[in-house]
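Worksheet: the structure to be examined is printed underneath.
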Amino acid sequence: MIATLLKEMEQEAQTTRKMLSRVPDDKYDWKPHPKSMTVRQLSTHIAELPTWVSMVLNTNELDFATAPYNPVIINNGKELMAYFEKSLEDGKAHLSKAADEDLQPAWTLRNGKEIYSTSTRGEFIRITYCQVVHHRAQLGVYLRLLDIPIPGSYGPSADEASFN
């Protein structure tokens, strides 16, 4: 399982790099709706998600009530890409050191007494990968609304010449 998870992490990282590289420096404070995250918040969250692999492997839970969220402040594409690469290396390093049996213990996501999910560590690592894909898709909508060409994810996008 570890080898499979590492392969998937790297495959998704290739697509994530393409998407994050499209974020314009002058739009970090833009958001499409008052309830939406800003481009800065969304792209920073995408860039940090690989560190969740390390967190899952080294803890039994994340309790939002006791672990306040303090995101890194990203101001431009160079910082964003460097942060993503650092996060990716962290996640890959911890996953590379793990054994398949390390994926079996339970891991819980909660906010105080409210439990959002309990799964095996391996299952939650997969959920983390799904979160990357989910938020990357959100970022794609943001970029589309800003009239910025969208890179392909699992094939060409409507903005790429081979698709048109």
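What you see below is based on every heavy atom in this structure, not just the backbone, and it leaves out hydrogens, waters and symmetry mates.
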Indicate the atoms forming the closest heavy-atom contact of S87 with P50, along with that distance.
O-CB, 3.4 Å

Given side-chain contact (heavy atoms from CB on, under 4.5 Å), test K78 with Y83 step by step and report yes or no.
CA-CA 9 Å; K78 184 177 180 181; Y83 185 51; over 6 Å; no

Assess whether a salt bridge exists between K86 and E89, defined as any Lys/Arg side-chain N lying under 4.0 Å from an Asp/Glu carboxylate O.
no

Between T15 and G152 the two heavy atoms that sit nearest each other are CG2-O, 4.2 Å

Tightest non-hydrogen contact, residues G112 and D63, listed as N-OD1, 2.7 Å

May I ask whether M19 and V141 are part of the same hydrophobic cluster, defined by side-chain heavy atoms of I, L, V, M, F, W, Y residues being less than 4.5 angstrom apart, directly or through others?
yes

Which pair of heavy atoms, one from V53 and one from G91, lies closest together, and at what distance?
CG1-O, 3.9 Å

So, T108 and T118: side-chain donor and acceptor under 3.5 Å apart, yes or no?
yes

Check this for me: does any side-chain nitrogen of one of R40 and D29 sit under 4.0 Å from a carboxylate oxygen of the other?
yes

Pairs satisfying ring-ring contact (aromatic ring centres under 6.0 Å, His included), at least one member in residues 22-43, at least two apart
W30-Y142

According to a hydrophobic-cluster definition based on side-chain heavy atoms being under 4.5 Å apart (Ile, Leu, Val, Met, Phe, Trp, Tyr only), do I46 and V133 belong together?
no

Under a 3.5 Å distance rule, please check whether N58 uses its side chain to pair with a backbone N or O of M55 as donor and acceptor.
no

Has E79 got a side-chain atom pairing as donor or acceptor with N75's backbone, closer than 3.5 angstrom?
yes

Any idea which heavy atoms bring R22 and I150 closest together, and the distance?
NH1-C, 3.7 Å

Kindly indicate, with the supporting measurements, whether the criterion side-chain contact (heavy atoms from CB on, under 4.5 Å) is fulfilled by F64 and R110.
CA-CA 6 Å; F64 292 120; R110 68 171 62 233; over 6 Å; no

Using distance alone, with no hydrogens and no angle criterion, decide if T51 and D90 have a side-chain donor and acceptor under 3.5 Å apart.
no

Under 3.5 Å: donor-acceptor pair, side chain of K27, backbone of L146
no

Is it true that a side-chain atom of E123 and a backbone atom of T120 form a donor plus acceptor pair closer than 3.5 Å?
yes

Any pair with a residue in residues 131-149 that passes salt bridge (charged side-chain N to carboxylate O under 4.0 Å, His left out), sequence neighbours left out, goes on the list, sorted by first then second residue, please.
E12-R136, R144-D159

When W107 is tested against each of Y116, F124, W52 for ring pair (Phe, Tyr, Trp, His ring centres under 6.0 Å), which residue passes?
F124

Which atom pair, heavy atoms only, marks the closest approach of D25 to N76?
OD1-CA, 3.3 Å

Are H134 and Q131 close enough that a side-chain donor and a side-chain acceptor fall under 3.5 Å?
no

Side chain D102, main chain L57, donor-acceptor under 3.5 Å
no

If Ile, Leu, Val, Met, Phe, Trp and Tyr residues are connected whenever their side-chain heavy atoms lie under 4.5 Å apart, and connections chain through other members, are L109 and Y129 in the same group?
yes

Is V23 linked to M37 within one hydrophobic cluster, defined over Ile, Leu, Val, Met, Phe, Trp and Tyr using a side-chain heavy-atom separation of less than 4.5 Å?
yes

